[in-house]
Amino acid sequence: MSTRVPLRVWTSIRSSTVSSRAHFRPQFQLRKPIVHVRATPSRNASTAQTVAADGRSVGTRLKNLFYGTTLVLALSFTYLYVTDTRASIHRYLLVPLLRLTHADAEDAHHFGTSALKALYSFGLHPRERSRPDEAGELSVEVFGHTLDNPVGTSGGIDKDADIPSPLFALGAAVVEVGGVTPHPQEGNPKPRVWRLPSQNALINRYGLNSEGAEHVAMQLRQRVREFAYHKGYGITAEAEQMVLDGAAGVPPGSLMEGRLLAVQVSKNKTTPDGDIAAVKRDFVTCVEHLARYADVITVNVSSPNTPGLRQFQKVGPLTEILSDVVDAARKTERRAKPAVMVKVSPDEDSDEQISGICEAVWESGVDGVIVGNTTKTRPDALPAGFNMPPKEAQILLEQGGYSGPQMFERTLGLVKKYRRLLDQGPKESSQPKKEKKQEARKTDIARNDEPVRSSPGKLEAIAESEKRDAQRLKPLNNGDDNLNKQPLIRLPEQSSLTAASSSSSSSSSSTATPTPSKPSGIQVGQSDSSQKVIFATGGITNGQQALAILNAGASVAMVYTALIYGGVGTITRIKEEMRDEIKGKSSKA
Ligand SMILES: Cc1cc2nc3c(=O)[nH]c(=O)nc-3n(C[C@H](O)[C@H](O)[C@H](O)COP(=O)(O)O)c2cc1C
């Protein structure tokens, strides 16, 4: 059945359709130009297309330029920020992140080391951008070198010398790599490092895991050869020898003016403790491989994780070991020989034990002491009365060496003790031996004065470097009674304190003749020329503590655990705090 539409309604629908067409016309007219353009001849069409495309491309180009510029600026800013040791991201974001992503502290350490190594090879490593040492406010004299600052990194951070250069870039004036054993050894089974986050402390029983002396020597040799290549000397053995002989005017270990590289040596676990000849051979083997590339050789007889090692701190065996190490170091085929230091334990701290160590130091001709290694004891938690989380209380029971801020007062006390006892000089009985050592040293000096093996073309550079050496480097070349100059940074009001405390106890400090104040207000005390050098590590976390350590008689304050908790900006921060402290004190004075 069809639906019939009444005529009136139909008419009305039609008229409304017509009127609605009329109503839509303007819209057709609006589209008309486009329709028209499409309908026009092709030349016009392509011009219009080009105009439209150009319009689009100018816009796109501007947009791309904007995005590109923003990206470049953002990347540059990120690069400048992230690679600056002052960036707080390192301490407050990256360290917690690393801890979160690596539950095992050793894994975290390996990741950090690999990252630093990789970043360094691309030039993307963190570094001190502001050249904070340039003004020389913190410089100190150590072994005849003027160091940029008195802050260093302790042994164990870079056991196999993978990252000495990135560590120097963090602002350290002394980097100690190792401990290295003569033959590779794995160390103790994992896990062997634990964090105590509530205390910013660590417990480790690595047991001197090492790739061995040959491997580490190869790493350091490669570093010297690359340096020689960049200096334009070539990459040959001869070029290496030139750098080691001082042609570039930089210390042969650190390869940087104002910095020193220390290489730590020790014995293999399997070498029987009862066989002192074998133990000495272990140390000497390491020296023979590594001394060429070191400014300082440090002897580790204090690790708590190698059974029996600490017994070699007794005066008899210690004197024997150190004497052999000193003799081996003096045979190093290099114009300037490395200094030798011994790293001691904080647990052997009775007067008798320290006197014995000091006696061995004087008898053997060792140049100084590093105070001290990790402790077997478990210091009280900080702040006093703090209840440790149960998990950490459990970790405290792990066997191993403890390190952390709780050790600071103990380290400070030990530095004072060592300073006092070392400054008493050699025992009467060891006097003749001391003279013998000095004779040996004179022989070294004569050997050092022999012409350097080198190609004639490079002799000029070497002569230049010798001139510089004559001014302030190379303690073993300077004559025998000007060795070990060791000015100490002293706060104005503390210098009198130090003088007061040492006048009652120390012979050498009483001979210190303070030179006139520098404009910065720092007084520099010139110590006895034969004074043994002390480096200190153990609980140092800030600039105030570093200064206290220096004022107690150390020349360098070193850090390990503080770096693990504070990140790559730690050394820059400590130095900044030292400068602030010095400025603050001197402006009050
Ligand atoms: C995980 C770890 C590994 C260490 N390895 C060595 C080492 O191989 N040789 C060494 O003489 N000291 C080693 N130490 C001790 C440190 O060099 C330093 O003497 C000690 O941690 C105290 O200083 P700190 O409080 O600044 O950490 C190690 C310490 C830690 C925490």
Side-chain angles (χ1 to χ4, degrees), residues 104-110 112-113 151-162 167 172 174-181 185 187-188 190-196 199-211 216 262-267 269 286 296-306 309-310 312-313 341-347 369-377 379 382 395 398 400-412 414-415 534-542 545-546 549 554 556-566 570-571 574:
D104 180 76
E106 182 173 353
D107 287 348
H109 191 90
H110 286 313
T113 305
V151 183
T153 60
S154 319
I157 293 177
D158 183 16
K159 287 188 185 266
D160 297 315
D162 288 310
L167 287 175
V174 176
V175 166
E176 185 183 14
V177 298
V180 185
T181 53
Q185 66 177 29
N188 291 319
K190 297 176 186 176
R192 49 192 181 178
V193 193
W194 295 268
R195 305 180 186 106
L196 298 163
Q199 301 297 295
N200 282 358
L202 296 169
I203 290 179
N204 92 86
R205 58 160 178 266
Y206 268 115
L208 286 173
N209 51 314
S210 169
E211 294 281 346
V216 176
V263 180
Q264 186 184 94
V265 299
S266 200
K267 71 176 269 291
K269 187 178 173 180
C286 288
V296 184
I297 284 286
T298 61
V299 177
N300 179 357
V301 280
S302 51
S303 168
N305 303 311
T306 298
L309 187 64
R310 284 182 170 187
F312 298 116
Q313 291 178 104
M341 300 183 84
V342 55
K343 185 162 177 180
V344 298
S345 144
D347 299 331
V369 177
I370 302 184
V371 182
N373 219 308
T374 51
T375 175
K376 276 185 172 175
T377 64
L382 284 177
I395 289 172
E398 291 289 350
Y402 184 103
S403 59
Q406 300 78 1
M407 285 175 71
F408 175 71
E409 290 300 330
R410 202 158 157 200
T411 307
L412 187 62
L414 279 172
V415 169
I534 297 176
F535 292 178
T537 175
I540 300 163
T541 57
N542 61 46
Q545 290 172 335
I549 286 284
V556 173
M558 303 170 98
V559 291
Y560 186 136
T561 309
L563 200 64
I564 300 300
Y565 282 93
T570 304
I571 293 165
I574 288 177

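These figures come from a predicted structure and were not determined experimentally. We count ligands from 1, going down the list as the structure has it; atoms in each ligand are counted the same way.
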Counting only heavy atoms, which portion of [X] has something under 4.0 Å from ligand 1: side chain, backbone, both, or neither?
X    : value
L202 : side chain
L208 : side chain
N300 : side chain
K159 : side chain
N204 : side chain

So is there a nitrogen or oxygen of [X] less than 3.5 Å from a nitrogen or oxygen in ligand 1?
X    : result
G539 : yes
G538 : yes
M407 : no

Please write down residue, atom name and distance for the protein heavy atom closest to [atom].
atom                    : answer
atom 14 (N) of ligand 1 : G155 O, 3.5 Å
atom 27 (O) of ligand 1 : T561 OG1, 2.5 Å
atom 1 (C) of ligand 1  : Y560 OH, 3.2 Å
atom 11 (O) of ligand 1 : Q264 NE2, 2.6 Å

ask   = Closest heavy-atom contact between Y402 and T377?
value =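 Taking Y402 first and T377 second, the nearest heavy atoms are CB-O, 3.6 Å.
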